[in-house]
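Take a look at the structure below.
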Amino acid sequence: MSSEDTTPASNFIRNIIDADLAAGKNQGKVATRFPPEPNGYLHIGHAKSICLNFGIAIDYQGTCNLRFDDTNPHKENIEFVEAIQRDVRWLGYDWGDRLFYASDYFEQLYDYAVQLIKKGKAYVCDLTPEQTREYRGTLTEPGRDSPYRERSVEENLDLFARMRAGEFADGERILRARIDMASPNMNLRDPAIYRIRHGAVHHQTGEAWSIYPMYDFTHCLSDSIEGITHSLCTLEFEDHRPLYDWFLDELEVECHPQQIEFSRLELEYTITSKRKLTQLVDEGHVEDWDDPRMPTIAGMRRRGYPPGAIRDFCERIGVTKSGNNVEMGVLENCVRENLNVHAPRRMAVLHPLKVVITNYPEGQVEELQAANHPQDESMGTRTLPFARELYIEREDFREEAPKKFKRLVTGGEVRLRNAYVIRCDEVIRDSQGEIIELRCSYDPETLSKNPEGRKVKGVIHWVSARHSIVAEVRLYDRLFSHPNPDSAKEGGEFTDYLNPESLLTLTRCRLEPSLADARSGEQIQFEREGYFCVDPDHRHDRPIFNRTVTLRDSWARIEQKNG
RNA sequence: UGGGGCGUCGCCAAGCGGUAAGGCACUGGGUUUUGAUCUCAGCAUACGCAGGUUCGAAUCCUGCCGCCCCAGCCA
């Protein structure tokens with residue numbers, strides 16, 4: 001964990017823990033857990049939960065378990081199990097030897113279910129799924145008791161054992177908790193606790209089981225078995241808390257963790273529904289789970305977001321129970337702040353425009369020195385070849401300059417970053433009238449000093465034509481063009497809001513030669529353009545850079561304001 | 001219309017009866033060979049609304065209003 005992490009802000013959960021500690025609860029121990037279901041990749045919302053759970057464990061010298069909630073073999077697989085571990089580790093957290101699976105407890109859970117039956121608190125129900133729904137009632141009407149609710153303990157025991165033995169088909173019977181069909185809380189209307197699932201090969205238990213426990217039953221007991229003190233989950237489980245407590249009370253377990261709910265993260269211009277993220281991948285709207293536009297941890301990693309920036313973000317947004325919709329700018333600001341300190345500076349011309357320095361000797365090459373970071377000398381310097389033919393950014397030249405434009409204009413001067421001041425003398429066009437070259441002259445007296453008697457305000461970046469490297473640069477933008485893609489109109493879908501310009505691939509970019517030995521994963525600032533990282537597909541003979549985030553650009557704002 | 005939650009600046013968020021922290025965004029000034037960074041300053045007489053209690057309320061009480069979640073053999 002990097003030392004620059006901000007000191008953790010307090011929140012209502014930490015306040016509860018502080019109070020518990022002060023009251024001497026749990027022998028002064030704090031034990032949390034992060035319990036993902038391996039049915040998809042982790043996303044920014046999970047990052048919030050990971051930082052919360054692992055962060056608390058670190059700060060309170062407690063423990064945080066990584067536990068896979070793997071009770072639904074139809075939807076889960078080992079690829080996700082592995083990806084999740086990779087992502088949690090990359091985020092900077094370590095579960096040590098505390099890697100668990102709910103499936104580790106299947107035998108124990110089965111015994112707990114038998115105990116419930118023996119107490120008359122669970123029964124085998126033969127209702128079809130449709131009938132079960134009818135019997136459940138509605139939000140405003142109470143449900144009705146199942147005709148199988150009064151089965152004898154012996155019969156229930158026998159039937160449940162035969163469910164396990166595989167004697168019945170999927171959907172034929174379930175084991176239900178016997179609570180209250182008239183409860184105003186729907187979760188307490190005799191919820192299912194075991195269902196039959198034949199034919200699924202579970203990634204951990206193989207074909208050992210043909211019945212699988214439900215979330216509500218599994219989760220509280222898994223927490224209890226692991227000695228969790230504070231079981232943190234999102235708001236939609238608030239209604240499940242009475243059930244969480246009911247199982248633990250009825251089974252008289254020694255450890256009864258406290259469930260505390262917080263609101264899930266909503267981020268503008270993104271979605272965090274696993275179903276929808278899966279859809280984006282399956283329908284090919286993005287390359288894969290690690291597409292740099294995805295709000296997945298794998299996607300953010302490939303995009304170049306440093307793990308420390310994500311942790312910082314999770315710290316800044318806080319943890320509460322109120323509804324929220326965080327602006328993208330907060331995350332981007334965290335990324336910029338982190339990268340500003342760590343990313344060495346380089347020059348890259350994304351849309352090259354040729355410049356010939358007419359008064360610079362043909363064949364001459366100078367090796368200029370440039371700082372790798374303007375505020376951090378310890379990052380050293382590199383050499384920059386300067387020659388007669390250069391490339392500059394097309395955007396940095398205008399024939400007719402708008403107000404406040406301080407880059408290169410016809411007849412005007414501009415500073416080439418880390419080099420000389422040049423003047424544009426002539427514009428060369430092709431037969432279509434498009435500008436293809438600028439004829440300029442340089443002032444040899446302006447290397448690391450200001451010109452005599454005049455002010456040159458603008459500074460632009462450049463590369464030597466002959467020495468530069470050709471590279472592919474992928475400019476990423478937000479995946480959605482609507483701040484709340486989930487709020488699609490009637491009949492619409494979130495995919496209607498996909499941003500058609502979320503990826504712009506540039507193939508003829510020119511990079512300064514020092515970038516030749518860039519290595520996959522490296523993060524660099526292309527001066528005046530943004531932060532970029534080297535893509536995993538990058539090869540020495542086929543360089544690929546991804547734009548992580550642009551620099552703040554007040555000129556763009558001025559330009560917009562002036563129309 | 002049952003149950004469970006939530007409502008403090010554009011977006012997050014402190015605050016827990018003593019007179020509105022902080023971050024992001026935004027606005028203006030300074031430094032600057034990145035229109036970056038950095039830096040200085042400004043930015044809620046106001047806490048969903050209406051009453052009440054109190055010397056004093058964002059904080060307590062009452063009543064409204066708005067938004068979110070719950071009727072999977074998903075988690």
Side-chain angles (χ1 to χ4, degrees), chain A residues 6 9-11 15 35-37 39 69 71-72 74-76 125 127-129 132-134 136-143 170-176 183-189 191-197 212 214-216 218-219 233-242 261 263 268 274-275 315-334 336-337 340-341 345 347 370-371 373-375 404-407 415-421 446 448-450 456-461 525-530 550-559:
Chain A
T6 49
S10 196
N11 57 52
N15 292 344
E37 183 190 13
N39 67 343
D69 221 329
T71 58
N72 189 353
H74 282 329
K75 292 188 173 173
E76 300 153 7
C125 182
L127 255 24
T128 64
T132 305
R133 194 184 326 121
E134 285 161 24
R136 187 154 33 228
T138 69
L139 294 179
T140 50
E141 307 157 38
D170 284 18
E172 205 174 321
R173 289 181 225 265
I174 54 170
L175 183 71
R176 291 229 250 172
S183 172
N185 182 341
M186 300 294 285
N187 297 117
L188 264 23
R189 319 245 262 227
I193 57 185
Y194 265 92
R195 77 290 215 180
I196 300 169
R197 281 269 193 276
Y212 289 91
M214 301 285 290
Y215 166 85
D216 287 301
T218 308
H219 205 90
C233 63
T234 42
L235 245 33
E236 67 270 26
F237 292 103
E238 211 154 14
D239 287 343
H240 294 241
R241 194 183 341 127
E261 311 83 12
S263 54
E268 283 190 347
K274 263 199 227 174
R275 199 209 97 223
E315 201 62 64
R316 290 190 200 192
I317 58 174
V319 179
T320 67
K321 293 180 73 118
S322 44
N324 61 77
N325 200 5
V326 181
E327 291 174 343
M328 253 300 175
V330 182
L331 214 205
E332 290 178 341
N333 178 67
C334 291
R336 290 191 184 106
E337 232 171 73
N340 176 48
V341 176
R345 270 96 243 239
M347 291 199 284
H373 190 115
Q375 280 87 228
K404 293 193 175 176
F405 186 80
K406 49 187 218 195
R407 281 115 97 151
R415 154 82 60 188
L416 293 178
R417 174 82 166 141
N418 298 124
Y420 302 96
V421 168
T446 54
S448 17
K449 55 175 185 261
N450 287 127
V456 176
K457 279 215 98 174
V459 181
I460 65 174
H461 57 278
Q525 182 194 106
F526 288 170
E527 287 193 289
R528 302 208 313 128
E529 289 293 346
T550 60
L551 253 29
R552 284 178 65 199
D553 188 356
S554 54
W555 165 244
R557 282 208 303 272
I558 292 168
E559 221 179 7

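Chain naming here is simple, since letters A, B, ... match the order of the sequence lines and numbering starts at 1 in each. Note that this is a predicted model, so its numbers are computed, not measured.
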Each nucleotide N or O in nucleotides 71-75 of chain B that has a protein N or O under 3.5 Å away: list the pair and distance.
| from | atom 1 | to | atom 2 | distance (Å) |
| --- | --- | --- | --- | --- |
| B:rA71 | O2' | A:Arg136 | NE | 3.1 |
| B:rG72 | OP2 | A:Arg136 | NH2 | 3.0 |
| B:rC73 | OP1 | A:Arg136 | NH2 | 3.3 |
| B:rC73 | OP2 | A:Arg136 | NH1 | 3.1 |
| B:rC73 | N3 | A:Gly171 | O | 3.3 |
| B:rC73 | N4 | A:Leu127 | O | 2.8 |
| B:rC73 | N4 | A:Pro129 | N | 3.2 |
| B:rC73 | N4 | A:Gly171 | O | 2.9 |
| B:rC74 | OP1 | A:Arg197 | NH2 | 3.2 |
| B:rC74 | OP2 | A:Arg195 | NE | 3.1 |
| B:rC74 | OP2 | A:Arg195 | NH2 | 3.0 |
| B:rC74 | OP2 | A:Arg197 | NH2 | 2.3 |
| B:rC74 | O3' | A:Arg195 | NH2 | 3.2 |
| B:rC74 | O2' | A:Asn72 | ND2 | 3.0 |
| B:rA75 | OP1 | A:Thr71 | OG1 | 2.6 |
| B:rA75 | OP1 | A:Arg195 | NH1 | 3.4 |
| B:rA75 | OP1 | A:Arg195 | NH2 | 3.0 |
| B:rA75 | OP2 | A:Tyr215 | N | 3.0 |
| B:rA75 | O3' | A:Asp69 | OD2 | 3.3 |
| B:rA75 | N6 | A:His240 | NE2 | 3.3 |

Legend entry - A:Ser263 side-chain N/O to B:rC6 phosphate OP1/OP2 under 4.0 Å: no

Legend entry - Distance below 4.0 Å between A:Ser554 side-chain N/O and B:rA36 OP1 or OP2: yes

Inset, instruction - Starting from the 5' end of RNA chain B, give me the residue, A:Glu529 or A:Asn324, whose nearest nucleotide shows up first. - result: A:Asn324

Legend entry - Residue whose nearest RNA chain B nucleotide is more 5′ - A:Asn11 or A:Glu527: A:Asn11

Inset, instruction - Determine the interatomic distance between C1' on B:rG3 and the same-named atom on B:rA71; round to the nearest Å. - result: 12 Å

Legend entry - Nearest-angstrom distance, C1' atom, B:rG63 to B:rC70: 26 Å

Inset, instruction - Would you kindly check whether a donor in the side chain of A:Asp239 faces an acceptor in the base of B:rG3, or vice versa, at under 3.5 angstrom? - result: yes

Legend entry - Donor-acceptor pair under 3.5 Å, A:Arg407 side chain vs B:rG35 base: yes

Legend entry - Out of B:rA36, B:rC12, B:rG7, whichever nucleotide has its closest atom nearest the side chain of A:Ser322: B:rG7

Inset, instruction - Check the distance between B:rG3's P and A:Glu141's CD and give it to me in whole angstrom. - result: 15 Å

With a 4.0 Å cut-off on heavy atoms, is [X] in touch with a base, just the backbone sugar-phosphate, or nothing at all?
X: A:Ala556; answer: nothing
X: A:Gln525; answer: base
X: A:Phe526; answer: nothing
X: A:Glu238; answer: sugar-phosphate
X: A:Ser448; answer: base

Legend entry - Assigned partner base of B:rA20, Watson-Crick or wobble definition, under 3.5 Å: none

Legend entry - Base-pairing mate for B:rG66 - Watson-Crick or G-U, with both contacts under 3.5 Å: B:rC6

Inset, instruction - Classify every nucleotide of nucleotides 20-32 of chain B by which part a protein heavy atom approaches to under 4.0 Å, writing B for the base, S for the sugar-phosphate alone and - for neither, in 5'-to-3' order. - result: ---SSSSS-----

Legend entry - side-chain contact (heavy atoms from CB on, under 4.5 Å) partner of A:Asn333, the single match among A:Met328, A:Arg316, A:Glu327: A:Arg316

Inset, instruction - Name the orientation of the base relative to the sugar in B:rG29: syn if the glycosidic angle is within 90° of 0, else anti. - result: anti

Inset, instruction - Determine, for A:Glu37 against A:Lys75, whether the closest basic-nitrogen to carboxylate-oxygen distance falls under 4.0 angstrom. - result: no

Inset, instruction - For the residue pair A:Leu416 and A:Ile460, establish whether any side-chain heavy-atom pair is separated by less than 4.5 Å. - result: yes

